[in-house]
Structures are given as structure tokens and as C-alpha cells.
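Counting convention: from 1, in listed order, for ligands and their atoms alike.
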Amino acid sequence: MSSPAGGALGAVQMTQAAIAPGAWLGLLGGGQLGRMFAMAAQSLGFRVAVLDPLESCPASSVSDLQITADYLDAEGLERLAGLCAAVTTEFENVPAQSLRFLGEHGVVSPAADSVAIAQDRIAEKAFIASCGLAVASHVALHEPRDLDGLDAGLFPGILKASRLGYDGKGQARVATLAEARGAFAAMGGVPSVLEKRLSLAYELSVVVARGEDGYALTYPVAENLHREGILAVSTIPSVSASEAISSAARAAALRIAEALEYVGVLCVEFFVLSDGALLVNEIAPRPHNSGHFSIDACVTSQFEQQVRTLTRLPLGSTHQHSCAIMLNLLGDLWFRDGTSSAREPDWRAVLAIDGACLHLYGKTEARLGRKMGHVTVLGERQQDVRAKALAIAHHLGVAPWP
Ligand code: ATP
Ligand code: MG
């Protein structure tokens, strides 16, 4: 009998051990990623308990129970472990020891060890390189001495704290060795990576879902535009990447998931240089902002895959049925024209556009740079989607893109 890897045999294994709908699933972190996970889990009939220190976190209104506690709070973690058949996390900065603790009490995916690698840029880059994939030239910095005699070719560079960065936070652009010394000291001398600042042709990302049986699927390749270190626009499928580059990116993402023996949803971010070279930027051990298009444009969303992989149910199809552009809606849009009091954007204008799918995360306070929601625009042809997305951007005050 011939079947694709993880086909028929995988399905038998999964039905035996699958966690059935009706069971409780636990979630560490109740931000927007947790909120969308909870919605997908409830759609499949699961009950969701979220542990988050913030009472009114975005996932609180869409979960069956909230445990308001710190991620390291033993009592909160024990309650979650006692109630839930399986637990997952919405962000990589959840303490690895909390995941390990939960892992001792039941099913946890992704495993603490995979999350630990993605939590640490130094370990992450070494791991990616060990997969035979290219990363930007860099050096690991543990102490000021590590900056002595640095290769001048690394400048201009970007200094990135090894841990706890997101949306470009914990990063500094440095043009010279002296600036690098200053920035390293200003960051408190924490372990960091000094990375060469590359001239990027464009950026890509690939979301992978991988089940416990090793069967894995990738989503179509997203082309991502960042502004000030924050994702602004994703176009899916990528229009800049050739078939060969897209295939290489999907293969690289699968290779990483495989090497990590990853169970769950993972995203790999890539840089493409002007000569077509594909470099891995970083890994996110969770659903990713650039994968939000899958909610509306694909048969199965990245969040549903997170539920399926966690409960050992079969993966769903990652087929993309519509071209898509996703716009992130940052809190800045509430403060258009330099006003200091927040004003709700004109959602009517957005929803009046055919193919616009609006997602707001229920955050009550808009702040500059805060992710408040996203809108995915669907259509049959990429050029029509682009025209509609640009119209929405114009209504909302999002700057147009090339
Ligand atoms: P997030 O976790 O939100 O993806 P982050 O804080 O981990 O972001 P990075 O992914 O390292 O940050 O960087 C954010 C963006 O900054 C990149 O997507 C890219 O646009 C730019 N950037 C980062 N490193 C480099 C580099 N070496 N050369 C050129 N641009 C870079
Ligand atoms: Mg990134």
C-alpha cells in the first residue's frame, strides 16, 4: 500500500490517541494569537482555559475559563494541568520551565525544548545553520570583550538581544564598532547577536503544521512588508518570489520543523537578497501574524491546525482558495492626523469593500504600535485584491506600499 508520509498509517495512530472534542484545552497567554486559537478550538467543540496575568486579555472573552496568574505561578499552572487534556502556548517568551512542568502532567505542544531554541537567538541561529540553511552573518555577544577585533564586514549591523525581543523591540541599528559597544552597554550587556544589516530584496515567511506522527504541511508563501520592525502588509502567495524560491522556502521550513521534531504550528521568516539568496531570519514556534490570511483564504486556518496538532487529530488542508493581502491594524490608526485622543477607524468603509474580512482583537485601549486587529482582503486575482487592499489602506490611513 503506498501512501504519502503520515497518510493512512498516521491516521490510524491519530484516532487511537486523539483527544476528543469536549475536552479542555489549555493556553498559556491570552493575546490575539490565543484569542484566535480559542475561537478555533471552540469551533471544533473543545473547551478552552487560558492562563494570562491580565484579566481582560483578548482571549478572556472567548474562552470558557480564565486563570488569572503569572506564567510562573505554580498554583495557576497546576490548575491548568489538572483541568486540561493538552496545553499549548501563544508566544515563545513563555518560560520554558512552565512548559516543562506542564509537559510532566500531560500533553504539551510544542515541546519545551523546541520553544527554548526559538527563545534564544544565539541558539536559534546555530540550530538553523546546523540544518544546512543560511543565516545572516553574525556574532554572538556575551561580554564586551566579544566585540574586540570584530570583522568590519558586519557593519552596518543590527544588535539584537538574544532573548525576549518581538516586533523589533530589543534591537538597535549600529553603524560602527563604537556604536555597537554603546548599544550593547545600553541593553545592559545581555547576551545578544550582532548581525550584518542586509539589503533585502523582500521578505518571506512560511507557516508549517506538523503532527505527532511527523506528517507536516506548509502553507503558501507569504511576502511580508515590515515597517519599523513590525509586520505591516502580507501578500499571499508572494508575488516577488519565483516558483523555485517559494519551493526552497517551503522545503527549508519543513526541514526545520523536522529537525526540531516539532509538534504544532511553526513559522519560519526569511530574507531574500537581490541575488536571490534565501536566508532564514528567525523561527516563531507558534501561529504567526503573517499566517492570519489562512483564517479566511485557506481551507484550514493556522489556528485550527494548532488545535488539530495539539489534540492529535488529522491535519487539515492548507490549500489557499483565494488570493489574499493582509493589513495589520496598529493602534496608530486610532490617532490619525496627529490627534491625541483615540478615534475609532471607519469600519463601515472597510466592510463595504467586497472581500474584506475584518478581525478586531477586542483590545480596549489603542496605543501606538499596538496590534489591534487585521484585515484580510480576498479575491480571485492578486491585482484586484491589491486594488481593494489599497482602497482599505487609504480609508484607514495605512501608508500605501509599492
Ligand atoms: P518579530 O518577532 O515580530 O518577527 P523581531 O523583533 O524578532 O520581530 P526580527 O524578525 O529580527 O525582529 O526583525 C524585524 C524586521 O527587521 C525584519 O523582518 C526585517 O524587516 C528587519 N531586519 C531584521 N534583521 C535584519 C537584517 N539583518 N538586515 C536587514 N533587515 C533586518
Ligand atoms: Mg521577525
Is the shortest N/O to N/O distance between A136 and ligand 1 below 3.5 Å? no
Any side-chain donor paired with an acceptor under 3.5 Å for N224 and Y202? no
Flag for Q42-D64: side-chain donor and acceptor within less than 3.5 Å: yes
Decide whether H288 and S290 meet the rule of one side-chain donor and one side-chain acceptor closer than 3.5 Å. yes
Tell me, please, which residues at least two apart from R100 pass side chain to side chain donor-acceptor pair (under 3.5 Å). D113
If we count only N and O atoms by modelled type, under 3.5 Å, do the side chains of H105 and E78 hold a donor and an acceptor together? no
Which is closest to atom 24 (N) of ligand 1 by heavy-atom distance: K371, H226, K160, R197? K160
For atom 31 (C) of ligand 1, state which one of L154, L225, I283, I158 supplies the nearest heavy atom. I158
Taking atom types as modelled, is there a side-chain donor on S205 or E269 under 3.5 Å from an acceptor on the other? no
Restricting to ring-ring contact (aromatic ring centres under 6.0 Å, His included), what partner residues turn up for H359, sequence neighbours left out? H374
Judging by distance only, is a nitrogen or oxygen of E269 under 3.5 angstrom from one on ligand 1? yes
Give yes if a backbone or side-chain nitrogen or oxygen of R173 is under 3.5 Å from a nitrogen or oxygen of ligand 1, and no if not. no
Report, in ascending order of atom number, the atoms of ligand 1 lying under 4.0 Å from any heavy atom of E195. 24 (N), 25 (C), 26 (C), 27 (N)
Sub-4.0 Å heavy-atom approach of R121 to ligand 1: yes
Part of E282 with heavy atoms under 4.0 Å of ligand 1, whether side chain, backbone, both or neither: side chain
Look at atom 30 (N) of ligand 1 and find which of L279, L200, N281, L231 reaches it with the closest heavy atom. L200
